[in-house]
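What follows is a single structure, written as structure tokens, with notes after it.
Note: hydrogens, waters and symmetry copies are ignored here, and every other heavy atom, side chains too, is used.
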Amino acid sequence: MNVLSSQHRLPPLAAGVILLLLLAIGALRFDHFLTPANLSNLPADYAFVTIAAVGATFVILSGGIDLSVGSLVAFTAVLAAHLIAAGWHPLAAAGVCLLIGTTLGAAMGGLIVAFDLPPFMVTLAGMFGLRAAAFLVRDQSVGVSHPFLAALARDGVLRLPGGFEAPPRSTLMLAVLLAGWALAARTRFGRGVYALGGHERSARMMGVPIGFTKVRVYALAGACSTLAGIVLMFDTRSGNPAAGAGLELAVIASVVVGGTLLSGGVGSVLGTLIGVLILGAIRMLIDFEGTLSAAWTSIATGVLLLTFVALQRALIVWAGWRAQAAAASGTWTRRVEV
Amino acid sequence: ERPAAPSSTPAPTAGSPVKPTPAPSAAKLVVGFSQIGAESAWRSANTASIKDEAARRGVDLKFSDAQGDQENQVRAIRSFIQQRVDAIAFAPKTEDGWQAVLEEAHKAGIPVILTDRLVKVDNPDLYTTFIGSDFVEEGRRAAEWLAKATSGNAVIAELQGTPGSAPAIDRKKGFEAEIAKHPGMSIIKSQSGNFERAKGKEVCEAFLRSPEGPKLTALYAHNDDMALGAIQAIESAGRRPGRDILIVSIDGVRDAFQAMLDGTLNCSVECNPLLGPQLFDTIERVKRGEKVPKHIQTEEGVYDQSRVTAEVVKARRY
Amino acid sequence: MTSRDPSPRPRPLPAPVWPALGILTLIVFNALSDTLAPSGPGLLGPGAFLHVAVVDGAPAGALIDILHYGGAIAILALGMAPVIATRGVDLSVGAVMAIAAAAAARLSIAGTPGVPALAGALAVAGACGLWNGVLVVTLRLQPFVATLVLMVAGRGLAQMLTGGQILTFHDPLLEYLDQGRPGWLPMPMPFLLGAALLVLTCLATRRAPLGLLIESVGSNPEAARLSGVRAGPLVVGCYVWCAACAGLAGLIAGAGIKAADPFNTGRNAELAAIFAVVVGGTSLLGGRFSLAGAFVGGMLMQGLTTTMYARDIRSDVAPLPQALLILTICAAGAPRARALARRLAGRPRGTA
Amino acid sequence: MPSPLRDAANPQTPPTPPTDRLPAAPALTADGLEVAFPGVRALDRAGLELLPGEIHALMGENGAGKSTLIKVLSGLLRPDHGRVRVGGRAVTLHGLADAEHAGISTVFQEIDLIPTMSVADNLILGREPTRAGWIRARASRLRARAALARVGLDLDPAIGLAQLPIAVRQLVAIARALDIRARILILDEPTSALSPRETDGLFHLLRRLRREGVAVLMVTHALAQAYEIADRITVLRNGAHVGTWLTPDLPRLALIQAMTGHAQPASPAAAPPAPTAPRPDSTSAPPALEVRALGRRRAVRPTDFSLRRGESLGIAGLLGSGRSELVRLLFGADRPDTGRVFTHGRPVAPGSVPAAIEAGMAMTPEDRRAQGLMLDLSVRDNILLALHARRGLTRPLRPRERDRLVRHYIDSLRIRTPDAETPVGSLSGGNQQKVLLARWLALQPTVLILDEPTRGIDVGARAEIESLIASLRDRGLAVVLVSSELDEIARLCTRALVLRDRARVGECTGTACTESALLAMIAGDSPPAAGARP
Ligand SMILES: Nc1ncnc2c1ncn2[C@@H]1O[C@H](COP(=O)(O)OP(=O)(O)OP(=O)(O)O)[C@@H](O)[C@H]1O
Ligand SMILES: Nc1ncnc2c1ncn2[C@@H]1O[C@H](COP(=O)(O)OP(=O)(O)OP(=O)(O)O)[C@@H](O)[C@H]1O
Ligand SMILES: [Mg+2]
Ligand SMILES: [Mg+2]
């Protein structure tokens, strides 16, 4: 295998190792940690984060950034709740929200492309504007109850062998992940996103439709955030205009921990899932520990994060050495004839 | 050593948990508590009270700080359920959004005690009891005091809490309902100060600077911190806080008592964070199978300058 | 050796122009609202946005408020700009603000006089920056993650420093950082500090080669290395500088309320600072940076907030008009938009 | 002063009619093209005619507008005025896709490809074989392999592009362009990064395409290449069409005159005073540069050589022979595993660029865009960077001194830029190279290492740079010159090393360093083992 392309695969791989390590620590320290029910909770609790993060992965891969995630989640959650409270069927509300969210994402992408604006600015404006819009829909949280939601929570749970359970949001998350992976790795659009983030000027010279790709990337991110908002709304059966504050940073952090370069062009959707789960597992360890004060919770979160990204770094360096050493044991050869 | 989860026993009905507690009294009580975060000194005092009381009684407290994120609270409660704690207590960040996770706790047969504020759920059986103050009532009391102090005539500016948060909404609601009874009282300025001292100061400066600024005779702040910031703003605008402008706020933290002693703050409606003893009393009663009321009101007072002495300030624990 | 008959070269407008135009828009909007409102205070009457009163020999008013509170944001932005120019970002500035304020409060309460307390707090902040810089340079973590660590942990540290309380302190020197109005120029101290820092940093980066070295690292790290630029110390230096600026901003924030509030000081400060830098014409991708732009960007950020107060806009919906204004400013400043405008005006086009 | 040649060619009249050998219907015509950038008029009524089955050379000085013309023909730039016709039909090209649709395939000059992607991904980006929208992985791999095979590149398509030297990337870019069945193939300086061997291979390919009726437009600065392969030559000057000639009708001198607009005083080959023998200074002084057993695993085997003041050492070899790696070790850009470097008798800390610069060395890297220039910074900043970095923050240059230096190098290297504040990225390729050179000359080094310094530089400037190198050498600098152009080494160097398979295989001195001698050494007695890849 060659060094570089495996170098790109290394960070998510190392992240995977770290995740297993975290779970092992939990299993050794706490009685009820490594139970199927608890392990089922991890993806379920982070389903909406993961779904939003899939969209953010595309944005970051394309060399952009999306700060509007948290606000869009809140906006769609409130809007959906509002519609359901007004008598809509949840699915109809979800559909309408999805349409609106995707359009909003596409609009942000369109602005970025049309005026060649920094994505930071446009999505920051989105973050401000959509938060306000959420408060305009409802200035406080709305609870909803609908037979469909109750039925979904009751009957939608997939029971897997071994006592594992997948509530609908986990299943949906898996579907989104799969779709995201396929889109990134197996479509021209996905390859274009990677190219765009790798070197925008070159990508233009190689015929990638830059503008169209960007608009689609932000539309996709909008759709994912919206879906995340709907998942959140269905799960909590409420929409809160203040929800998801700071979610954008958490999402970007997950993407980056999962091995995606913030500068674009390198990374994977799978890495993002691992990134979310690492941050989730850290949180879960802290919850199980159950002795940390607020101050210590912050400090421990920071220190654990550092420990594990440093470890990830070390693993990558180590693997790089290994690869080099293995290669160096070969002979001095001229590589290729032209 | 932990008591096994009573999953076989039928779920307790609210207020009267039928679950017998045959567990030997020697077994340590395990309680999970999910705190919202540490957004103020009031909250820190709340946390400290609960932790200290748990330590005093030898309760095994699983404490989780959600860092201001409701989702983290949900996750913490789920992890408490996984750990089969004897009781779950939490201070909900918002009223809505707890249906699903409380159903899970209910299914697992773990009693849930709310502190600090109520939640909205389909089925009130999902929680056992609520210990805490009533934000609406606090707002009402603040208005009541102000009405009495001004004989029902005041031009009021309001410093709201964080937009969308339950205390901000309810304290506003209660205050407005009360002053509606007094035609001479009106709120002419209202803006959010995010419960922050610095924002309170900045917003109050803007109030005083506005065309209506000179007309203001009273200030109502949703918490003490904002009032303390506002006092500085009033001083630097050349007016006398506590005299030219009456100030009433909520919480009753030590700095507020000091300000009342100094004469710059007029009244603070207490919102007691020291819930620890009451909380664990209640949990023990629930565990013993006793019936507890659905709402346990905390003991709280309304303090104004007349009630505050140096001793009172010194005795304040938070 | 230009070829003959070159098209008129439209010099790009200097970076601070766009945020400055944004502030101007806000001022005009406020002035119009004051004059047009039926029972408004008029253009300059008491309570008007443009009204400047004199309190205790120092001017006061909404405009002065912008300078006052914008000063701290501008200082943050002046620190953040070089970091962004090296292709980095510092998310921990808010936490560092809280830490510095807490450290100053602790020192002051322990009886340390003003100058050492100030120096001590700034040193603590600088140490935070050193930590960030070392993580970025030696561990080669992505700056986003490296500074995220301190962003998360730092607030905890600040709370530990204050013991979970809001620590009230009294120190004339520290308070002077916020309330000071020097006799020779009775303007808000944070603004004067920011302006002084701006002049200082401009001298350091534009007269001396420092700015070029920083830009070269952000523009093409490999080429900078091959040109003999020692990127490591340079980048660490940028993070230390950024944290020191954040420390100063934290002290100003603490001085403003005469207390260290570890819970709220510097909340969302990182976004405000990055906003100021980017709206001031610095690209998040590194390379060229504009300090003056960052400074004015900070003022614009505060201008948005002050307008919200002045116009009595509910703070939960205020972000909507703010977002629209941000977009308008950005779009107006975009070369693409200017090219479009030129084309509409019938003149030849610039870059394709 | 109008030259007779110019009058004879009469640039105002349409290009010389094609001979009977060429079919009549042009594959592409462009006329009256105008493109203005801020400060420059890059194209000023430029035109071109391409016939099917011809190889057409487009020539001109640096900044003449060749690349701009090509960008217009490929749809990347929209001209302010003028028309492009493909196959007789007027077309408006809105983008690369339009051009490809019209049968035009282009290799751009500043193509960096996508460094974060693999070779295969780069080759098939945007043309991946799909079924119902999904990329077919196996078919993609096959297509990538086939594309590589077409240019004779045997390399793992899964390898990351960033790992490859610029020459190989250039071949990948060519492979990509050949991957679609184009009727018009445009190559902007495809050979500037290639060594003679690869150039031969490319020309072979182009001839085959010519037989198939493809119209090929190629930019080159090497006169010899133009005369070797082109059927016709079009010359641009200051963005304007000067003339089009059948190659045999255009003597070299006339071509140079057409490009520069004035009679060249001397042919470039004669420009630098050719050294006859090494002229070492006093033998007692330590050598300016001494290299002992310098090597790095997988890069270069331990190599020794030394160089005195006033000497110039050429390093010759094929693509991938380890020339760039050797000089990078020398300069501390990579950390050597073994060996030491001394300048003027003093050891230089290994693996440290600042140490090498402090010791008096300077190096222009081969890949000017990735390793050399800060494209978004100004010409001024790019020139002053290394000097500033060496002087550090404590000894800044006085502003007046900075202005003087910048002006001096812009003038003396004839850098064509609107002004010193223009971002370097908007200069033409050759002018970018000159800026890079200026950066290192400003350091006034004692040991100057040049890796392909004349890549992409026009004839006139090349002559100037060559004579500059010669005069620097004669003023006592030690010069190390890596070049794929053997005649350049032969002309400029007092000694030459030849590398093959990452090891030193030969050396020659003085007059013995002829092109043919070098070629023989490079080729070796037996051809090197082919295609061995770890
Ligand atoms: N994007 C741009 N912005 C501004 N000026 C440009 C831009 N691109 C090219 N130019 C200018 O247009 C002129 C023509 O450039 P062009 O790249 O076409 O030259 P060239 O003939 O290809 O030169 P070389 O042989 O050096 O590659 C130059 O003066 C260059 O500085
Ligand atoms: N034909 C080739 N195919 C694949 N890889 C190659 C080829 N030629 C060189 N390489 C890669 O290039 C590296 C060495 O290139 P290097 O830059 O040292 O060569 P060079 O002799 O300096 O040639 P040039 O001056 O053309 O770059 C090797 O590590 C090898 O991986
Ligand atoms: Mg060119
Ligand atoms: Mg080379």
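Within the 4.5 angstrom heavy-atom criterion, only side-chain atoms of A:Leu124, from C-beta onward, approach chain C. Of the two parts of A:Val113, only the backbone, made up of N, CA, C and O, holds a non-hydrogen atom closer than 4.5 Å to a non-hydrogen atom of chain C. C:Arg314 touches chain A through its side chain: at least one heavy atom from C-beta onward sits under 4.5 Å away, while N, CA, C and O do not. For chain A, the nearby part of C:Leu284 is the side chain; its heavy atoms alone come within less than 4.5 Å. For chain C, the nearby parts of A:Leu261 are the backbone and the side chain; heavy atoms of each come within less than 4.5 Å. Only the side chain of C:Ile326 comes within contact range of chain A, judged by heavy atoms closer than 4.5 Å. Interface residue A:Leu306: backbone and side-chain heavy atoms are both found under 4.5 Å from chain C. C:Val279 touches chain A through backbone and side chain together, each having a heavy atom under 4.5 Å away. For A:Ala300, no part sits under 4.5 Å from any heavy atom of chain C, backbone or side chain. Contacts of C:Ile274 with chain A are made by both backbone and side-chain atoms, with heavy-atom separations under 4.5 Å.
Listed options A:Leu249, A:Val317, A:Leu111, A:Ile65 were ranked by heavy-atom pairs under 4.5 angstrom with chain C; first place goes to A:Leu249. Contacts with chain A were tallied for C:Arg140, C:Arg87, C:Met151; C:Arg140 has the most, counting heavy-atom pairs under 4.5 Å. Per-residue counts of heavy-atom pairs under 4.5 Å with chain C were compared for A:Thr297, A:Ile252, A:Ile299; the largest is that of A:Ile299. Contact count versus chain C (heavy atoms, under 4.5 Å) is highest, among A:Ala114, A:Pro119, A:Gly246, A:Ser263, for A:Ala114. With chain A as partner, the option from C:Leu139, C:Ile329, C:Leu325 having the largest number of non-hydrogen pairs under 4.5 angstrom is C:Leu139.
Counting non-hydrogen atoms of neighbouring residues, nucleotides and ligands closer than 6.0 angstrom, the CZ atom of C:Arg106 reaches no more than 12 such neighbours.
In terms of modelled atom types and a separation under 3.5 Å, the side chain of A:Arg131 and the main chain of A:Pro241 share a donor-acceptor contact. Side-chain atoms of A:Tyr194 come within 3.5 Å of backbone atoms of A:Gly267 as a donor-acceptor pair (strictly under, hydrogens ignored). One N or O on the side chain of C:Gln142 and one on the backbone of A:Thr260 form a donor-acceptor pair closer than 3.5 Å. For the pair C:Thr147 (side chain) and C:Asp90 (backbone), a donor-acceptor distance under 3.5 Å is absent. Judged by distance alone, with hydrogens and angles left aside, the side-chain atoms of A:Ser141 form no donor-acceptor pair with the main-chain N or O of A:Asn240 at under 3.5 Å. The closest donor-acceptor contact from the side chain of A:Thr76 to the backbone of A:Val73 lies under 3.5 Å.
For the 3.5 Å distance criterion, the side chains of C:Ser219 and C:Glu215 fail to qualify, holding no donor opposite an acceptor.
Counting heavy atoms from C-beta on, the side chains of C:Leu271 and A:Phe120 come closer than 4.5 Å.
Atom CD1 of A:Ile278 and atom CD of A:Gln312 lie 6.5 Å apart (nearest 0.5 Å).
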